[in-house]
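Report on one structure; see the data block that follows.
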Amino acid sequence: MVFLNGEFIPKNQASVSVMDRGFLFGDGVYEVIPVYSGQVFRLHEHLARLQNSLDAIQIQNPYSIDKYQHIFNELLSHSLDNNHSVYLQITRGTDTTRKHKFDELAPTVFIELNPLTPKTKPELEKGYCAITQPDFRWQRCDIKATSLLANIMYAQQAKQHRAEEVILHRDHIITEGATSNVFIIKNDTLFTHPTGQYILSGITRDLVIESAHHCGLNIQESISNIDEIFSADEVWISSSTREVMPITTIDSKLINNGKIGQHWSQVYDHYQSLKYAG
Ligand code: PLP
């Protein structure tokens with residue numbers, strides 16, 4: 001069961017026009033929202049970011065917060081899974097001819113649930129590999145746009161290197177991961193790129209900062225050079241589906257001799273407590 005333009009229908013019956021601007025241009029935005037034990041996690045934060053993305057590309061938000069919550073509840077009532085991620089996509093809608101400029105159209109809204117199985121702490125404690133690459137994306141990475149060609153290219157590179165993530169740097173400054181935010185921990189201080197046009201302002205990023213603060217780390221939302229990552233005490237990535245994940249190898253070099261840091265363990269535990277507090 002999926003939601004498409006006001007209807008709840010089986011996924012194999014859901015289709016959109018070839019003139020949909022999402023299909024033609026990737027002219028749309030999206031959100032991925034975790035649901036733990038039936039509770040949508042940080043709903044308002046995700047919907048606020050959706051609103052920012054829609055505003056940035058001048059699409060009117062078709063629904064209220066209550067309406068989204070109602071749609072999610074309806075989809076959840078048809079699922080047997082315990083944890084989910086909501087995929088919510090809004091494109092500008094179906095046009096009459098293929099042209100870059102646009103008039104106001106009825107947006108296409110597609111929402112589905114996917115099962116979510118976050119990695120367990122023992123799994124995460126094995127540590128994960130990343131590679132680094134220059135950030136060749138555009139300069140509006142704050143918009144959660146469905147046009148993800150750069151991210152797809154990075155994902156394939158990661159796959160070919162058997163890496164979990166690609167850590168990006170713009171003019172040697174670490175920005176974020178191809179699908180996550182990046183944190184460097186050095187001398188009890190957490191460094192992460194400030195919000196703005198060069199990163200997506202992750203909802204999990206905020207929760208990691210909150211957790212790190214709770215665990216006594218100093219927080220520096222400031223830039224770091226890519227070279228600094230190799231001498232970090234700890235490196236983490238975060239996203240709604242991966243939560244907070246320790247990276248122990250970057251470009252085949254071990255971080256902190258490949259050992260998982262104590263800060264990660266504490267922050268992970270605090271993050272879990274936030275999850276279950278709702
Ligand atoms: N940065 C990028 C480029 C992403 O694609 C994502 C998630 O998909 C994130 C950061 C993390 O965002 P969130 O924590 O809201 O999932």
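Just follow the structure's listing: the first ligand is 1, and inside any ligand the first atom is 1. Everything quoted here is computed from the prediction, not taken from an experiment.
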Any heavy atom of E45 sitting closer than 4.0 Å to ligand 1? no
Looking at ligand 1, does S201 have a heavy atom less than 4.0 Å from it? no
Tell me, which pairs form a salt bridge (charged side-chain N to carboxylate O under 4.0 Å, His left out) where one or both residues lie in residues 247-258, sequence neighbours left out? none
Taking atom 14 (O) of ligand 1 as the reference point, the nearest protein heavy atom with its distance: T204 OG1, 2.6 Å
Donor + acceptor pair across side chains of H46, E31 (<3.5 Å): yes
So, are K186 and E228 salt-bridged, with charged N and O less than 4.0 Å apart? no
Linked, directly or transitively: I209 and L200 (ILVMFWY side chains, under 4.5 Å): no
Salt bridge or not between R205 and E176? Use side-chain N to carboxylate O under 4.0 Å. no
Do Y68 and V86 touch side chain to side chain, with heavy atoms closer than 4.5 Å? no
Going by distance only, is there an N or O of R49 that falls short of 3.5 Å from an N or O of ligand 1? yes
Examine S240 against ligand 1 and note whether any of their N/O atoms are separated by less than 3.5 Å. yes
Within less than 4.0 angstrom of ligand 1, does N181 place any heavy atom? yes
Checking the N or O distance criterion of under 3.5 Å, is ligand 1 in contact with I203? yes
SG of C129 to CD1 of I250: how many Å apart, nearest 0.5 Å? 9.5 Å
Protein residue, atom and distance nearest to atom 12 (O) of ligand 1, heavy-atom basis: G202 CA, 3.4 Å
Quick one: does ligand 1 sit under 4.0 Å from the side chain of C141, the backbone, both or neither, non-hydrogen atoms only? neither
Which option out of S238, A178, A150 puts a heavy atom nearest to atom 3 (C) of ligand 1? A178
What protein heavy atom sits nearest atom 8 (O) of ligand 1, and how far off is it? K144 NZ, 3.2 Å
Under 3.5 Å, is there a donor on one side chain and an acceptor on the other for H263 and D188? yes
How far is atom 4 (C) of ligand 1 from the closest protein heavy atom, and which atom is that? T179 C, 3.4 Å
Is there a polar contact, in the sense of an N or O pair closer than 3.5 Å, between Y30 and ligand 1? no
Is a side-chain donor-acceptor pair under 3.5 Å present for S265 with K121? yes
Short N/O distance, under 3.5 Å, between E176 and ligand 1? yes
